[in-house]
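All remarks here apply to the structure that follows.
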Amino acid sequence: MKRLVPVLKKDNVNLELIMLIRTILAASKEIAFRVSQGDLAGVLGSTLDENIQGEVQKKLDVLSNQLLKDMLLDDDSVRAIASEEEDFVVAGHKGAPYIVAFDPLDGSSNVDINGQIGTIFTIYAARDDVADDSELQFAQQGKDQLCAGYVLYGASTLLVMTTGGPTRCFTLDLTHGGYLLTESECEIPVETKEFAVNIANYRYWSEHTKTYFNDVLYASEDYAGSSMRWNAAMVGDMHRIISRGGLFLYPEDSRPGNQNGKIRLLYEANPLAMLAENAGGKATAAGKRILDIQPSSLHQRVPVTLGSVKQVDEFNKVTVK
Ligand SMILES: O=P(O)(O)OC[C@H]1O[C@](O)(COP(=O)(O)O)[C@@H](O)[C@@H]1O
Ligand SMILES: [Mg+2]
Ligand SMILES: [Mg+2]
């Protein structure tokens with residue numbers, strides 16, 4: 001089985017970027033260990049604090065954020081970082097080449113039930129035309145990501161990553177502690193009958209979104225025999241789609257603050273959109289290619305339609321007017 005670094009070298013990834021990726025993965029191994037210890041290490045449960053999104057932070061949200069933040073700010077190739085759990089951009093090393101954004105723990109509501117959780121990350125080139133700690137560092141379109149990936153803390157710890165080429169899957173080998181290549185080129189089937197959505201939100205959806213469910217998913221013969229899955233962790237739903245196809249939906253809805261849904265552009269939608277596209281899938285927001293969206297704020301949300309090309313197109317045909 002091929003190890004991570006030789007694979008990245010063969011992909012012509014420069015050494016400095018390889019070293020930065022290794023920093024992120026070193027933090028992910030520490031998080032994987034803490035997650036596996038669960039109550040033994042007292043890491044389950046919530047804190048009394050809220051993040052800028054108004055979400056009560058889990059202890060593991062805070063712990064995984066601190067691990068990534070400390071290791072990244074210790075890396076002298078990092079100019080700045082942004083995180084779901086940090087209100088603002090945190091400056092790193094002056095003149096350094098890269099900036100990193102991350103969702104330290106995706107699927108937080110699964111922490112206390114031993115459900116699927118993960119870490120999502122993305123790397124861009126640092127901008128020299130704005131201040132190191134300016135939000136504008138991260139006002140870059142998703143198509144300019146240098147690297148995007150997630151680590152899934154499931155039965156096995158998996159890394160799914162692209163550096164602009166194929167989306168590849170690596171498995172953490174606990175015997176020597178390294179990630180080994182287990183899927184060289186992930187491919188999302190163009191057409192499937194599986195979809196992922198929190199159906200409990202139906203009442204808050206737009207008429208167009210309801211029409212897609214009523215007329216397409218529930219009524220059309222094409223979807224007879226289809227099945228629904230919802231992991232309550234986008235990384236988990238994403239990994240199923242990377243593995244066997246399907247559609248992930250988090251539409252906008254009428255609840256306060258959800259006019260653009262729940263998923264954050266910078267450290268959730270953009271990295272997963274790049275992985276999906278490089279695996280032959282598609283990722284849109286209200287019909288627009290997510291990777292073409294010009295970001296306007298650090299924690300902005302976008303409605304997400306991601307997965308098998310045929311299903312994404314069908315959803316947009318019905319819902320985008
Ligand atoms: O609670 P809901 O509405 O089902 O939302 C679940 C979604 O929220 C998220 O958990 C948000 O991410 P965080 O856990 O990182 O806050 C997604 O992973 C998941 O797809
Ligand atoms: Mg998340
Ligand atoms: Mg999170």
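Note that ligands are numbered from 1 as they come in the structure, with each ligand's atoms numbered from 1 the same way. All residue numbers in this chain count up from 1 along the given sequence.
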- request: Indicate, with yes or no, if the rings of Phe195 and Trp230 have centres closer together than 6.0 Å.
  value: no
field: Heteroatom proximity flag, Gly107 to ligand 1, N/O under 3.5 Å
entry: yes
message: I need the atoms of ligand 1 closer than 4.0 Å to a non-hydrogen atom of Arg264, numbered in the order shown.
response: 11 (C), 12 (O), 13 (P), 15 (O), 16 (O)
field: Working for salt bridge (Lys or Arg N to Asp or Glu O under 4.0 Å), residues Lys143 and Asp292
entry: CA-CA 6 Å; Lys143 62 184 171 204; Asp292 288 339; 3.2 Å; yes
message: So for ligand 1, is Met234 a polar contact partner (N or O within less than 3.5 Å, distance only)?
response: yes
message: Show me which atoms of ligand 1 lie under 4.0 Å from any heavy atom of Ser108.
response: 14 (O)
message: Whether the Tyr250 and Glu268 side chains hold a donor-acceptor pair (N or O, under 3.5 Å, no angle test) is what I'd like checked.
response: no
query: For Glu84, what is the atom name of its N, O or S atom nearest to the Mg ion (ligand 3)?
result: OE1
- prompt: Any non-hydrogen atom of Gln53 lying under 4.0 Å from ligand 1?
  reply: no
query: Between Arg79 and Asp128, is there a side-chain N and carboxylate O pair less than 4.0 Å apart?
result: yes
message: Treating Asp173 as the side-chain partner and Gly178 as the backbone partner, does any N or O pair qualify as donor plus acceptor under 3.5 Å?
response: no
field: Selection from Gly236, Ala196, Ala232, Gly118 by shortest heavy-atom distance to atom 10 (O) of ligand 1
entry: Ala232
message: Using a 3.5 Å cut-off on N or O atoms only, is Asn201 in polar contact with ligand 1?
response: no
query: So which heavy atom in the protein is nearest atom 5 (O) of ligand 1, and how far is it from that ligand atom?
result: Lys262 NZ, 3.1 Å
message: Nearest N/O/S atom of Glu268 with respect to the Mg ion (ligand 2), by atom name, please.
response: OE2
message: Looking only at N, O or S atoms, which one in Asp106 sits nearest to the Mg ion (ligand 2)?
response: OD1
field: salt bridge (Lys or Arg N to Asp or Glu O under 4.0 Å) partner of Glu191, the single match among Lys282, Lys310, Arg244
entry: Lys310
field: Main-chain N/O of Glu194 paired to Ser226 side chain as donor or acceptor, under 3.5 Å
entry: no
query: N/O of Ser109 under 3.5 Å from N/O of ligand 1, yes or no?
result: no
task: Considering the heavy atoms of Glu84, write down every atom of ligand 1 situated less than 4.0 Å from one of them.
output: 13 (P), 15 (O), 16 (O)
message: With a cut-off of 2.8 Å, does Leu105 put an N/O/S atom close enough to the Mg ion (ligand 3)?
response: yes
field: Enumerated ligand 1 atoms positioned under 4.0 Å from heavy atoms of Asn198
entry: 2 (P), 3 (O), 4 (O)
task: Apply side-chain contact (heavy atoms from CB on, under 4.5 Å) to the pair Met19 and Glu16, showing each step before the final yes or no.
output: CA-CA 5 Å; Met19 298 312 285; Glu16 210 167 18; 5.7 Å; no
- prompt: Counting only heavy atoms, which portion of Asp103 has something under 4.0 Å from ligand 1: side chain, backbone, both, or neither?
  reply: side chain
query: Less than 4.5 Å apart, any side-chain heavy atom of Val312 and any of Leu306?
result: no
- prompt: Can we say Asp132 and Lys94 salt-bridge, meaning some charged N sits less than 4.0 Å from an Asp/Glu carboxylate O?
  reply: yes
statement: Tyr250 heavy atoms within 4.0 Å reach ligand 1 at atoms 2 (P), 3 (O), 5 (O)
message: Side chain, backbone, both or neither: which applies to Gln116 and ligand 1 if a contact is any heavy-atom pair less than 4.0 Å apart?
response: neither
query: Leu105 near ligand 1, heavy-atom distance under 4.0 Å?
result: yes
query: Looking at Asp103, which of its N, O or S atoms is the nearest one to the Mg ion (ligand 3)?
result: OD1
message: Would Asp237 count as a polar contact of ligand 1, with the cut-off being nitrogen or oxygen pairs under 3.5 Å?
response: no
field: Distance-minimising heavy-atom pair for His93 and Leu73
entry: NE2-O, 2.8 Å
message: One thing to verify: whether Arg289 and Glu277 come together as a salt bridge, which I'm taking to mean a side-chain N less than 4.0 angstrom from a carboxylate O.
response: yes
field: Whether Gln300 side chain and Asn260 backbone form a donor-acceptor pair below 3.5 Å
entry: no
